[in-house]
Amino acid sequence: MNTSKLQAFATDARRQLMNAVQARLDAALVPNSDAQVDDPRAFDFLQREIERAGGGEEGRKHVVERYAYRWFNRIIAFRYMDVHGFTGTPVVSPAGLTSTNGLPEVLAAAKRGEYDSRVFSAHVNDKAKERIEGLLSGSIMADDPQGLAYGLLLQSECRFWNRNLPFMFESVGKEAGRVDELLMPADLLAEGSVLRNAVLTIRPAMWRSSAGCTSTIFRSAKTR
């Protein structure tokens, strides 16, 4: 196992995710932002978190670090679950698990009109499928319909897996879970994104041959 490669990936992923979460936080804090209008309870919770962490720049930095690491955990968890066949349809990985050019299979499947019935039978995902279909069909207009559709698919998977892994996937019945979604990084499908690099760097054979792979990744991501 090439630990230096894993360490470099985790360090860069932390930097990328902090920048992405910072951008989402900045957008949310603009007066009368969509976040404030669409989910005022989640926004109020976010503001309280900032204040509890010291307020001002210090509080915002703490929130960015916290939610960036939470999203890092989810992406790595889904990569692990994809490789081991726990997800019905790979969530962050392509169908063959190794191609760095292919779309995450959950998005490729949605574009074919295929959805995991377990995930979309969950009450919390009632409205997500309709919006995903609208984005992919073009009936809902957006600057990045495919990226938005994937974000909804990823959120739907997180909501579903809260049943079995609540320590990893926060319930959207709680404000912290809704803040997770509010601060979800954009551009996860872009070349060089954390998601793409996770598929490139964390090969299936690493987890099958070494129990130290996961600890190396998480330990390196925490390193400042």
Side-chain angles (χ1 to χ4, degrees), residues 3-31 33-36 38-81 91-92 147 150-152 154-155 157-159 161-162 165-190 192-202 212-224:
T3 57
S4 62
K5 191 173 182 179
L6 289 175
Q7 289 167 350
F9 157 73
T11 301
D12 184 64
R14 179 180 183 275
R15 176 190 59 78
Q16 281 196 50
L17 289 172
M18 286 185 64
N19 289 340
V21 170
Q22 180 72 64
R24 295 299 296 265
L25 177 61
D26 289 345
L29 293 175
V30 171
S33 67
D34 289 344
Q36 297 172 42
D38 295 343
D39 198 340
R41 284 182 58 194
F43 181 75
D44 287 346
F45 181 85
L46 174 61
Q47 287 189 305
R48 292 196 301 272
E49 275 205 287
I50 293 171
E51 291 303 315
R52 284 195 297 268
E57 184 177 349
E58 179 185 350
R60 292 192 295 272
K61 180 180 178 182
H62 172 82
V63 166
V64 166
E65 289 182 344
R66 179 169 186 258
Y67 284 91
Y69 193 63
R70 284 162 72 91
W71 274 109
F72 177 82
N73 289 349
R74 290 182 177 88
I75 291 169
I76 301 305
F78 275 130
R79 178 61 174 156
Y80 181 92
M81 292 159 68
V91 176
V92 301
Y150 180 66
L152 291 169
L154 184 57
Q155 289 175 358
E157 293 282 350
C158 290
R159 292 171 179 178
W161 283 102
N162 166 258
L165 300 169
F167 58 89
M168 181 68 67
F169 303 106
E170 188 83 60
S171 169
V172 290
K174 299 178 180 178
E175 283 85 354
R178 297 207 294 278
V179 172
D180 278 323
E181 296 188 354
L182 188 156
L183 298 181
M184 184 180 72
D187 299 325
L188 289 174
L189 299 177
S193 69
V194 173
L195 188 148
R196 297 277 191 179
N197 286 341
V199 174
L200 174 66
T201 306
I202 311 170
C213 176
T214 305
S215 61
T216 297
I217 294 167
F218 286 117
R219 186 170 59 251
S220 300
K222 286 184 175 180
T223 303
R224 299 187 181 185

Quick one: closest heavy-atom pair of [X] and [Y], and the distance?
{"X": "Y150", "Y": "V91", "value": "OH-O, 2.7 Å"}
{"X": "S33", "Y": "A27", "value": "CB-O, 3.2 Å"}
{"X": "L195", "Y": "L188", "value": "CB-O, 3.5 Å"}
{"X": "Q36", "Y": "A28", "value": "NE2-O, 2.9 Å"}
{"X": "Q16", "Y": "N197", "value": "NE2-ND2, 3.8 Å"}
{"X": "V194", "Y": "F9", "value": "O-CE1, 3.9 Å"}

Enumerate donor-acceptor pairs with a distance under 3.5 Å from any side-chain N or O in residues 43-52 to protein atoms, sequence neighbours excluded.
residue: E49; atom: OE1; partner: Y67; partner atom: OH; Å: 2.5
residue: E49; atom: OE2; partner: R66; partner atom: NH1; Å: 2.7

Return the set of residues passing salt bridge (charged side-chain N to carboxylate O under 4.0 Å, His left out) with R60 (not counting sequence neighbours), or none when no residue passes.
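For R60, no residue satisfies salt bridge (charged side-chain N to carboxylate O under 4.0 Å, His left out) once neighbours in sequence are set aside.
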
Indicate yes or no: does R74 engage E157 in a salt bridge with an N to O separation below 4.0 Å.
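Judged by the 4.0 Å cut-off on N to carboxylate O distance, R74 and E157 do not form a salt bridge.
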
For the CH2 atom of W71 and the CG atom of L183, what is their distance to the nearest 0.5 Å?
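The CH2 atom of W71 sits 10.0 Å away from the CG atom of L183.
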
Interatomic spacing from NZ in K61 to CD in E57 - rounded to 0.5 Å:
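Interatomic distance, K61 NZ to E57 CD, rounded to 0.5 Å: 8.0 Å.
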
Could you go through residues 17-24 and list every donor-acceptor pair under 3.5 Å that involves a side-chain atom there, pairing it with any protein atom two or more places apart or in another chain?
residue: N19; atom: ND2; partner: R15; partner atom: O; Å: 3.4
residue: Q22; atom: NE2; partner: D26; partner atom: OD1; Å: 2.9
residue: R24; atom: NH1; partner: M184; partner atom: O; Å: 2.5
residue: R24; atom: NH2; partner: L182; partner atom: O; Å: 3.2

For Y69 and N73, run side chain to side chain contact (heavy atoms under 4.5 Å, CB included): C-alpha distance rounded to whole Å, both residues' side-chain angles, the deciding distance at 0.1 Å, then the answer.
CA-CA 6 Å; Y69 193 63; N73 289 349; 3.5 Å; yes

With distance as the sole test, does E181 use its side chain to make a donor-acceptor pair with the main-chain N or O of G151 at under 3.5 Å?
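Pair absent, no side-chain N/O of E181 close to backbone of G151.
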
Enumerate, atom names and distances included, each donor-acceptor pair closer than 3.5 Å involving a side-chain atom of residues 170-179, sequence neighbours excluded.
residue: E170; atom: OE1; partner: R70; partner atom: NH2; Å: 3.2
residue: S171; atom: OG; partner: G173; partner atom: N; Å: 2.9
residue: E175; atom: OE2; partner: R41; partner atom: NH2; Å: 2.8
residue: R178; atom: NE; partner: D39; partner atom: OD1; Å: 3.4
residue: R178; atom: NE; partner: D39; partner atom: OD2; Å: 2.9
residue: R178; atom: NH1; partner: V172; partner atom: O; Å: 3.1

Who passes side-chain contact (heavy atoms from CB on, under 4.5 Å) against L165, sequence neighbours left out?
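Here the qualifying residues are M81, W161, F167, M168, F169.
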
